[in-house]
Amino acid sequence: MKFRELGIIDPILRALEDKGYETPTPIQEEAIPAVLAGRDILGVAQTGTGKTAAFAIPVIQHIHELKQSGGRLRDVSGLIITPTRELAIQIDENIKTYAKYTTVRHTVIFGGVKQHHQVRKLQQGVDILVATPGRLLDLVNQGIIDLSQIKYFVLDEADRMLDMGFINDIKKIIKILPSKRQSLFFSATMPDNIVRLSRDILDRPKRVEVTPASSTAETLEQVIYYTNKATKRNLLVHVLKNPEIQQVLVFSRTKHGADKLVRYLKQKHFAAAAIHGDKAQNQRQKVLKQFKAGQLRVLVATDIASRGIDINQLEHVINYDIPNEPETYVHRIGRSGRAGNSGLAISISEPEENTYVKDIERLIGKRIPVIQDHPYPQTDKPMTAKEKKEWNKEKQRRKQEFFANRKKSRNAGTSRRSR
Ligand code: AMP
């Protein structure tokens with residue numbers, strides 16, 4: 001199948017050729033003709049399947065044709081909502097690529113930075129707007145954005161959107177959109193609340209499902225190392241010594257854990273940096289740019305920050321923490337082995353996480369091959385329920401003690417000063 005056979009117009013075909021895309025991915029093959037024919041879409045697809053082009057190309061085409069036929073577009077007519085800033089920037093970059101020979105104007109808005117740059121761009125005139133929900137509503141409330149002329153609405157990564165607590169924002173946005181519009185809805189998973197939300201948005205949609213959310217790309221190899229909590233970072237260094245791992249995205253459950261790990265890796269002379277929600281937006285972009293340019297070998301990311309990361313030919317992903325939600329594992333490892341490239345996902349499990357590995361294996365329907373031959377094998381046993389309870393109690397006690405001591409020493413400081 002060729003892109004031309006999907007009904008895509010020449011200016012976009014040329015851009016795809018420049019980009020080096022030869023054949024459409026399965027989701028593009030199914031979704032593009034349907035969207036061009038005016039259908040709503042319910043897309044069940046994870047990242048790495050080519051879903052961005054699947055919704056961006058037909059929306060660009062519709063708007064380009066509208067403008068060519070003399071339609072006057074005063075306000076934004078295509079709106080794409082996505083949960084994270086990185087993802088928003090990336091979608092906009094994709095649109096820039098695909099729309100470069102068309103007359104379609106586009107921009108991206110997200111929070112965490114001053115608004116004036118974004119407002120200026122909006123005032124120059126925009127056809128397609130890519131946005132995160134918070135900043136969008138903010139600018140709508142200020143009267144800077146008018147959504148009354150929206151003809152094409154895309155909700156991307158709906159499940160993650162709900163996980164991140166954006167449900168009310170989404171509902172508010174839907175309320176102000178015109179009811180006569182074409183809507184495209186994408187989600188990696190389809191739990192009940194997502195199905196309900198999709199019903200509020202879509203009108204007799206075509207369901208497009210490429211890979212079930214539980215499946216992992218065929219081209220992606222997965223392995224697991226079992227070790228102890230105390231030896232986890234040594235094992236990571238051992239793994240990173242493999243010269244075949246040229247660049248790697250390492251997942252950490254917490255922001256604090258990500259920073260700590262980066263400090264340790266730097267001590268061990270690895271070019272590493274962290275990306276997470278506590279970092280300033282320009283810092284996040286700088287780090288991402290360095291990583292994409294190959295100046296950083298290791299990028300340590302939390303799940304939310306990792307959502308938008310699309311690095312061409314990223315071959316390695318490491319789960320330094322095993323996620324307790326098995327779907328998160330599928331999302332994480334979907335970062336490598338994208339669009340048919342080969343990839344390797346390495347997981348490192350400490351005893352407390354062994355049960356999460358079992359959940360993941362149940363979801364993906366296969367056992368993850370275990371690497372036995374390494375210097376830090378797992379010898380500790382997972383704690384029993386009773387031990388865990390005791391341990392939590394002890395942790396709580398230590399925390400209280402720490403705060404009590406801190407308070408005491410602060411009080412001592414003030415009374416000394418007041419003397
Ligand atoms: P996505 O699922 O939209 O995040 O896309 C995953 C990756 O596949 C991105 O790096 C895209 O640039 C790339 N891609 C999308 N469509 C194609 C295609 N038809 N051929 C080759 N690569 C593609």
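Throughout, residue positions are numbered sequentially from 1 according to the sequence presented.
Atom-to-atom distance recorded for Gln285:CD and Glu86:CD is 7.5 Å, nearest 0.5 angstrom. Atom CG in Leu155 sits 10.0 Å away from atom CZ in Phe186 (nearest 0.5 Å). Here the CD1 atom belonging to Ile32 is positioned 9.5 Å from the CD1 atom belonging to Ile27, to the nearest 0.5 angstrom. In this structure, the separation between NZ on Lys229 and CD on Glu350 is 4.5 Å, given to the nearest 0.5 Å.
Checked against side chain to side chain contact (heavy atoms under 4.5 Å, CB included), Ile144 has the following partners two or more places apart in sequence or in another chain: Gln115, Val119, Leu122, Leu139, Gln142. With sequence neighbours excluded, no residue forms a side chain to side chain contact (heavy atoms under 4.5 Å, CB included) with Asp200. Residues that satisfy the side chain to side chain contact (heavy atoms under 4.5 Å, CB included) test with Ser183, not counting sequence neighbours, are Asp40, Phe153, Arg181, Ile201, Leu202. Shown here are the side chain to side chain contact (heavy atoms under 4.5 Å, CB included) partners of Pro11, two or more places apart in sequence or in another chain: Ile9, His64, Tyr101, Thr102. Annotation: side-chain hydrogen bond (donor to acceptor under 3.5 Å, both in side chains) contacts of Glu401 (sequence neighbours excluded): Arg397.
For the residue pair Asp92 / Thr107, no side-chain donor-acceptor distance below 3.5 Å is found, with atom types taken as modelled. Using modelled atom types, one finds a donor on one side chain and an acceptor on the other under 3.5 Å when comparing Asp159 with Thr189.
The number of heavy atoms from other shown groups lying within 6.0 Å of NZ (Lys100) is above 12. The neighbour count for Glu394 CD, taken as heavy atoms of other residues, nucleotides or ligands under 6.0 Å away, is above 12.
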Anything under 3.5 Å between a donor and an acceptor, one on a side chain of residues 354-365, the other on a protein residue two or more places apart or in another chain? List them.
residue: Asn354; atom: OD1; partner: Ser349; partner atom: OG; Å: 2.9
residue: Asn354; atom: OD1; partner: Gln378; partner atom: NE2; Å: 3.4
residue: Asn354; atom: ND2; partner: Gln378; partner atom: OE1; Å: 2.8
residue: Asp359; atom: OD1; partner: Arg362; partner atom: NH1; Å: 3.3
residue: Glu361; atom: OE1; partner: Arg367; partner atom: NE; Å: 3.2
residue: Glu361; atom: OE2; partner: Ile368; partner atom: N; Å: 2.8

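Of the charged side-chain nitrogens involved, at least one lies within less than 4.0 Å of a carboxylate oxygen, so that Arg253 and Glu353 count as a salt-bridged pair. Note on Arg207 versus Glu209: salt bridge recorded, some NZ/NE/NH1/NH2 to OD/OE distance being below 4.0 Å.
Shown here for Ile63 and Ser77, the closest heavy-atom pair between the two residues is CD1-OG, 3.7 Å.
Val250 has its side chain out of reach of Val317: every pair of non-hydrogen atoms, C-beta onward, lies at least 4.5 Å apart.
By the 30° and 60° cut-offs, the orientation of the rings of Tyr225 relative to His238 is perpendicular.
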Determine, step by step, whether Ser148 and Asp75 satisfy the side chain to side chain donor-acceptor pair (under 3.5 Å) criterion, reporting the C-alpha distance in whole Å, the side-chain angles of both residues, the deciding distance to 0.1 Å, and the verdict. CA-CA 8 Å; Ser148 66; Asp75 294 303; 5.2 Å; no
